[in-house]
Structures are given as structure tokens and as C-alpha cells.
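Accompanying notes for the structure given below.
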Protein chains: 2
Amino acid sequence: MARTKEFDPDAALQAALELFWRRGYEATSMADLVEGLGIARASIYATFGSKHELYLRALERYNEQHDPGLLAELSQPGPVLPAVRALVRRYAGMGDDDRKRGCFITNTAVELAPHDEAAARRVEVSYDHLETALTAALLRAEAQGELPAVREPRALARMLVVLLQGIRVVGKTAEGGPRVRDAAEQALTLLD
Amino acid sequence: MARTKEFDPDAALQAALELFWRRGYEATSMADLVEGLGIARASIYATFGSKHELYLRALERYNEQHDPGLLAELSQPGPVLPAVRALVRRYAGMGDDDRKRGCFITNTAVELAPHDEAAARRVEVSYDHLETALTAALLRAEAQGELPAVREPRALARMLVVLLQGIRVVGKTAEGGPRVRDAAEQALTLLD
DNA sequence: CTTATTCTGGACCGAACGGTCTTAAAAGTT
DNA sequence: AACTTTTAAGACCGTTCGGTCCAGAATAAG
């Protein structure tokens with residue numbers, strides 16, 4: 001005998017992700033969220049608990065949305081190095097708007113991780129996933145003879161993780177486009 | 001017939017830099033600044049204008065403090081590649097506290113650059129300086145026969161800038177130390 | 001020592017902050 | 001259709017925000 005929800009919590013979470021992603025945690029006020037989510041303030045608190053919990057939920061949502069595609073991209077059968085290259089180039093080749101927004105994980109790592117244990121944990125998990133996926137891909141590349149056996153897959157994967165994070169930072173500025181594209185191409189020569 | 005200043009504006013600016021660097025712009029309140037600078041609220045406004053202007057001044061101060069050392073490090077006579085390697089390894093090898101604090105430029109790029117024109121400009125200038133210094137160094141390395149002529153100094157410099165920014169981001173998390181050290185070593189093989 | 005000047009500390013400002021609560025409407029059950 | 005339950009909207013809470021103002025202390029010049 002309960003009344004049905006009138007809004008879609010999933011869509012609301014998505015809207016919250018959009019806001020936090022674009023403006024960061026501190027600069028996004030509850031008033032912004034009320035407007036952006038299109039639902040009442042009380043409903044936000046009833047559904048998500050607090051601004052902080054909502055942010056963490058948005059962070060998880062971001063991971064859920066991006067991890068599977070990444071994993072699939074890197075574990076396709078056939079040659080793997082082209083997939084890795086495509087991934088890095090996609091990060092580096094994004095349009096101005098995407099570049100400005102950056103990566104939600106990067107943004108969280110910088111703004112919250114140093115003084116927010118819960119946020120830091122999720123960032124770390126995210127890096128772990130990416131590093132593991134890249135390492136597995138590079139190991140497979142090695143096994144398939146695409147990569148000289150002399151390379152160290154784990155260290156190479158870590159280099160790519162760090163590079164991708166750097167791309168998301170430098171990409172935030174106006175001249176970031178050319179900068180990160182050059183950087184990506186240089187780093188990718190390590191895969192030859 | 002004027003009363004002398006009772007505090008050192010330079011020291012105050014330094015304290016402001018410390019606070020903004022560690023907590024970011026939004027999370028640092030004027031109350032924090034009053035306490036951290038050890039001077040009256042009104043004196044802060046009289047001296048620096050506003051919170052935002054104070055932040056920009058702190059940003060300039062950061063650049064003034066770090067740019068000369070960097071430039072000197074990279075333009076010492078003799079072999080240049082060892083200096084470049086030492087620079088990257090120093091970034092990657094910092095202790096937990098420094099790693100958590102990260103780089104003030106990185107923090108500004110992520111938190112403010114997307115929606116703060118003035119801050120974005122200064123970040124860009126900072127990247128320009130670093131890229132230029134690294135490019136000059138790599139050109140010198142090439143001229144001195146340290147670097148194969150086939151490499152592209154500017155692109156390589158851009159890669160290092162992006163890498164350094166990535167190091168500052170990934171370094172913020174608990175397991176960042178090993179990650180960024182591996183990443184740095186891998187990237188540095190591009191200089192061989 | 002007086003006077004003119006300027007800096008200091010803190011009270012104070014309206015606005016915005018994150019979060020709570022009340023009220024009334026809407027929907028499922030009977 | 002009546003009743004119960006849960007939702008939604010927004011008024012409202014105390015607090016903190018960035019920023020201003022003012023009274024008084026401190027200083028240099030006369």
C-alpha cells in the first residue's frame with residue numbers, strides 16, 4: 001500500500017554525477033543538485049542520505065559505467081596493442097568539452113583523496129582495475145609476440161595509468177589538446 | 001607619517017600558499033586563512049583584495065619559487081639527460097606527505113581551470129615554462145649526442161610534462177608511491 | 001607631547017551553506 | 001469511495017560563507 005516513486009533514482013544519480021563531474025564536490029551546492037536532479041531536496045536526502053554519500057554513489061556509478069567498456073576493449077580476441085593504442089589515443093583526442101571535464105576519478109583524486117578516506121579508497125580501486133586490465137592486456141601481447149619479451153608489463157601498465165591521468169589534467173587547459181596528443185604518441189612508442 | 005606594517009606580507013602569502021596547496025580553493029575558508037596567516041581578516045582584504053586574488057597571488061608565488069630551480073637544474077653545463085632523469089625521479093620519489101599534497105599547479109588545473117579563466121591562464125603559462133625548459137634541455141642533449149637524433153624533443157618534453165602531472169595525481173593515493181616510481185622508470189627508457 | 005595617519009582585531013553584514021521538518025497531495029488497498 | 005501510507009515541495013533550521021565596517025591602538029612627524 002505504498003505510493004510509487006515519482007522520479008527515477010537512476011536518472012537522478014546520473015544527473016548528480018554530471019554535476020559533480022563538471023564542478024567538483026565543494027563547488028556543487030545542494031541547491032545546484034536540487035535544480036539539476038529536478039527533484040525535491042528532501043527526496044535527495046531520503047534517497048541518498050547526504051551530499052557526501054551522493055557523491056560516493058556517483059563515483060561508483062561512474063566506475064560501473066566505464067569499467068566494463070574498458071575491460072571489453074582490452075580483452076577482445078586478436079591483437080591487443082592496437083586496442084591499447086586506440087584507448088590512449090581516445091583519451092588524448094577528446095573534444096574541448098570532454099577535455100575540460102576531465103576524468104571523474106582524476107578530479108576526485110585531486111580534490112578529495114588527500115582528506116577523504118572513502119573517496120581515496122574508491123580512487124585506488126579504480127586505478128587497480130585499470131592497471132590490472134592493462135597488465136593483463138600487455139601480458140597477452142607479450143604471449144602473442146606483439147611485445148618484446150624484454151618489456152615489463154606491470155610497470156608499463158602503471159606508466160599508462162599515470163599517463164592517462166596526466167592527460168586528463170593537462171587536457172583541462174586551452175592548449176591541452178596538442179600537448180596531450182604529442183605526449184600520447186611519444187609514450188606509445190614504448191609499445192613498439 | 002604612516003604606521004609601519006606589523007606583519008610580513010611575504011610570510012602571509014607563503015602561509016596562504018601552504019593552506020590553498022593542501023586543501024584546495026573551495027575547502028579553504030577565510031576563517032582558515034585568518035588563523036593560518038595569523039593576521040586580521042581586514043588586513044588580508046587590505047593587502048590582497050579578495051580570497052580569489054589571494055589565491056592567484058599564491059599561485060604566482062608558487063611558480064616564482066619553483067621555476068628558477070627547475071630551469072637551473074635543466075640548464076647546468078655538462079650532460080643533460082642525468083638531470084632530466086633526476087628531475088622525474090624526484091617527482092616520483094617524494095615522501096607520503098609531499099605526494100599527498102601534490103603539485104599546486106596540478107591541483108589548480110583540476111579544481112579551478114575549467115571555470116576560472118585567470119587561474120587557467122596561469123596554469124597554462126606554467127606548463128609552457130616547463131615544456132620549454134624540457135625541450136631546450138632535450139635539444140641540448142641531442143646536440144651533445146646524448147639523445148638519438150631520431151627523437152622529437154618537443155613531443156618528448158610534452159610527454160614528460162603530462163607524465164609529471166599524472167605522477168602528482170596518482171601519487172595522491174596510498175599505493176601511489178610504487179605506482180608512480182614504476183611509471184617514471186618506464187617513461188624514462190624513452191630517453192635511452 | 002600632540003596630532004595626524006594607518007593599521008589592527010573583532011563585531012557585524014546579508015547570503016548561501018548542508019540538512020530537517022511540516023504540510024498536503026497522490027497512490028494502493030480495501 | 002474511504003482510508004492509510006508515502007511521497008514531494010518548500011519553508012525553515014542553525015551555521016558558515018566571503019566580505020565590510022568601526023572603534024581603538026600604535027606610530028611617525030611636528
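Chain identifiers are assigned alphabetically (A, B, ...) following the order of the sequence lines, protein sequences preceding nucleic acid strands; residue numbering begins at 1 within each chain. Only a predicted model underlies this, so the values are computations on that prediction, with no experimental measurement involved.
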Without swapping roles, check the side chain of R23(A) against the backbone of S29(A) for a donor-acceptor pair under 3.5 Å.
->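 The answer is no, because no donor-acceptor pair under 3.5 Å joins these two groups.
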Does R151(B) use its side chain to pair, donor to acceptor, with the backbone of L190(B) at less than 3.5 Å?
-> yes
Taking only N and O in the side chain of S29(A), is any of them less than 4.0 Å away from OP1 or OP2 of dC17(C)?
->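 Yes, within the criterion.
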Output yes when at least one side-chain N/O atom of S43(B) is less than 4.0 Å from OP1 or OP2 of dC7(C), else no.
-> no
Going by modelled atom types, is there a donor-acceptor pair between the base of dG18(C) and the side chain of R41(A) at under 3.5 Å?
-> yes
Let's see if you can work this out: which of [options] has an atom nearest to the side-chain heavy atoms of [X]?
| X | options | value |
| --- | --- | --- |
| S50(A) | dG19(D), dG19(C), dG18(D) | dG19(C) |
| A40(A) | dA9(D), dC17(C), dG18(D) | dA9(D) |
| A42(A) | dA9(D), dG19(D), dC21(D) | dA9(D) |

Using whole Å, what does the distance between atom [atom2] of nucleotide [N] and atom [atom1] of [X] come to?
| X | N | atom1 | atom2 | answer |
| --- | --- | --- | --- | --- |
| H52(A) | dC17(C) | NE2 | P | 18 Å |
| Y25(A) | dG18(C) | OH | C1' | 9 Å |
| I44(B) | dG9(C) | CD1 | C1' | 12 Å |
| E35(B) | dC17(D) | CD | P | 12 Å |
| M30(A) | dG10(D) | CE | C1' | 13 Å |
| Y45(A) | dT6(D) | OH | P | 23 Å |
| Y55(B) | dG18(D) | OH | P | 14 Å |
| E53(B) | dG19(D) | CD | P | 9 Å |

Do we see a donor-acceptor contact under 3.5 Å between the side chains of H129(B) and N63(B)?
-> no
Assign each of A46(B) and A31(A) the nucleotide of DNA chain C bearing its closest heavy atom; nearer the 5' end lies the nucleotide of A46(B)
For the residue pair Y55(B) and F104(B), is the inter-centroid distance of their aromatic rings smaller than 6.0 Å?
-> yes
Do L81(B) and Y91(B) share a hydrophobic cluster (ILVMFWY, side-chain heavy atoms under 4.5 Å, transitive)?
-> yes
